[in-house]
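As the structure lists them, so they are numbered: ligands from 1, and atoms in each ligand from 1. Heads up: numbering here begins at 1 and tracks the sequence.
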Amino acid sequence: MTNQISDRIHRVQEKISGACRRAGRREKDITLIAVTKTWPIEVVAAAVEAGLAEFGENKVQELVAKAPHFPDQNWYMIGHLQRNKARQVVAHAKEFHALDSIRLAQTLNRHAESAGRVLPCFLQVNVSGEASKFGLDPTRIDEILAPLEEFQSVRLAGLMTLASPDVRKVREEFRLLRRIRSRYGHLTGPGLSMGMSGDYEIAIEEGATHVRVGSALFGPRNQFKKT
Ligand SMILES: *Cc1c(COP(=O)(O)O)cnc(C)c1O
């Protein structure tokens with residue numbers, strides 16, 4: 001398992017290098033978040049063995065089940081979060097990449113404050129306009145920014161998006177996120193969390209600082225799927 005995963009990691013890293021070369025960017029400015037959702041502890045252990053250190057989960061339940069086994073690695077909560085689970089994110093995640101409301105920010109802020117830490121957050125923006133996607137409408141971002149400034153223990157670190165499944169549209173969507181950063185970046189922070197297995201090279205060409213890659217590293221999500 002470790003061999004197969006390390007081959008895949010090398011392939012992904014090579015593609016990241018290629019995208020950086022094409023875009024005139026430095027590899028050290030890109031964080032590869034390995035998305036281990038649905039994969040068991042053994043797969044995470046193999047990825048750690050192969051050298052990965054940044055891991056992402058989109059469900060709190062899985063974050064809580066895995067992160068404590070890997071205290072030397074960094075964990076990112078990358079999926080939609082309900083307020084009643086905010087405390088666990090503060091306890092286990094280095095960063096939260098799916099902030100999409102003031103009320104959630106307020107709850108995270110309260111828990112982060114009592115935990116004595118600051119939680120870096122990425123604002124999730126719905127760039128594809130699909131109704132099925134979480135995230136703020138690009139035209140409503142300024143509404144959330146002023147109230148967010150009040151929260152001392154939640155710090156905006158950037159913008160995050162999930163592009164549409166149509167690969168012909170993703171480049172334009174990534175560009176939209178980057179344009180939003182050029183307008184609001186002084187408030188939202190410099191990060192751009194965008195790009196998944198199917199489109200992380202395009203995302204890097206368009207300025208991604210964090211790519212969230214699952215199946216390209218671990219294979220299709222069903223063989224080891226936990227029910
Ligand atoms: C699952 C997931 C990913 C990774 O998806 P892959 O296509 O497997 O790379 C990235 N971001 C979020 C928010 C996810 O839920």
Side-chain angles (χ1 to χ4, degrees), residues 4-5 7-16 19 30-40 43-44 46-47 50 52-67 73-82 85-86 88-89 92-101 104 120-128 130-136 157-171 173-174 177 191-226:
Q4 202 188 4
I5 289 177
D7 286 349
R8 285 208 177 96
I9 293 172
H10 283 297
R11 276 204 292 277
V12 168
Q13 280 166 341
E14 267 168 27
K15 289 186 173 173
I16 290 175
I30 318 287
T31 301
L32 169 62
I33 300 176
V35 180
T36 43
K37 66 187 186 197
T38 75
W39 295 94
V43 170
V44 183
L52 293 185
E54 320 290 320
F55 292 94
E57 290 290 344
N58 73 332
K59 292 206 169 76
V60 172
Q61 199 185 340
E62 287 197 71
L63 174 73
V64 169
K66 293 173 211 175
Q73 274 63 42
N74 293 317
W75 290 82
Y76 298 73
M77 174 64 185
I78 60 173
H80 183 70
L81 176 63
Q82 290 170 335
K85 294 180 179 149
Q88 282 106 304
V89 168
H92 296 288
K94 179 189 181 207
E95 294 179 355
F96 174 50
H97 282 213
L99 183 61
D100 59 1
S101 80
L104 177 57
C121 292
F122 283 57
L123 269 190
Q124 183 171 357
V125 182
N126 181 352
V127 291
S128 69
E130 288 168 277
S132 61
K133 290 218 159 75
F134 291 107
L136 298 157
L159 299 164
M160 175 271 205
T161 202
L162 282 161
S164 68
D166 183 348
V167 77
R168 290 167 306 176
K169 293 187 180 159
V170 299
R171 189 179 294 275
E173 293 170 356
F174 293 151
L177 197 70
L192 286 179
S193 175
M194 59 188 195
M196 320 199 321
S197 292
D199 53 24
Y200 63 93
E201 293 165 88
I202 301 174
I204 290 169
E205 290 167 12
E206 297 303 333
T209 59
H210 295 68
V211 291
R212 309 176 310 266
V213 179
S215 44
L217 293 170
F218 304 113
R221 272 184 291 277
N222 46 30
Q223 303 153 297
F224 295 94
K225 191 166 172 149
K226 283 205 281 188

Checklist entry - Around atom CD of Glu130, are there more than 12 heavy atoms of other residues, nucleotides or ligands at under 6.0 Å? => result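 It does: Glu130 CD has more than 12 such atoms within range.
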
Item to check | Heavy-atom neighbours of Lys133 NZ exceed 12 at 6.0 Å | outcome: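 Yes, NZ of Lys133 has more than 12 neighbouring heavy atoms, counting only those of other groups under 6.0 Å.
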
Checklist entry - Are Glu57 and Thr36 linked by a side-chain donor-acceptor pair shorter than 3.5 Å? => result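 There is such a pair between these side chains.
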
Checklist entry - Which residue pairs pass the salt bridge (Lys or Arg N to Asp or Glu O under 4.0 Å) test with at least one member in residues 191-201, sequence neighbours excluded? => result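 Sorted result for residues 191-201: Arg22-Glu201.
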
Item to check | Proximal protein residues to ligand 1, non-hydrogen atoms under 4.0 angstrom | outcome: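 Val35, Lys37, Asn58, Ile78, Leu162, Met196, Ser197, Arg212, Val213, Gly214, Ser215, Arg221.
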
Next on the checklist: With side chain to side chain contact (heavy atoms under 4.5 Å, CB included) as the criterion, how do Glu95 and His210 come out once you've worked through the C-alpha distance, each side chain's angles and the decisive distance to 0.1 Å?
Outcome noted: CA-CA 11 Å; Glu95 294 179 355; His210 295 68; 3.9 Å; yes

Checklist entry - Which of these passes side-chain contact (heavy atoms from CB on, under 4.5 Å) with Cys121: Leu104, Leu99, Val89? => result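 Only one of Leu104, Leu99, Val89 forms a side-chain contact (heavy atoms from CB on, under 4.5 Å) with Cys121, namely Leu99.
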
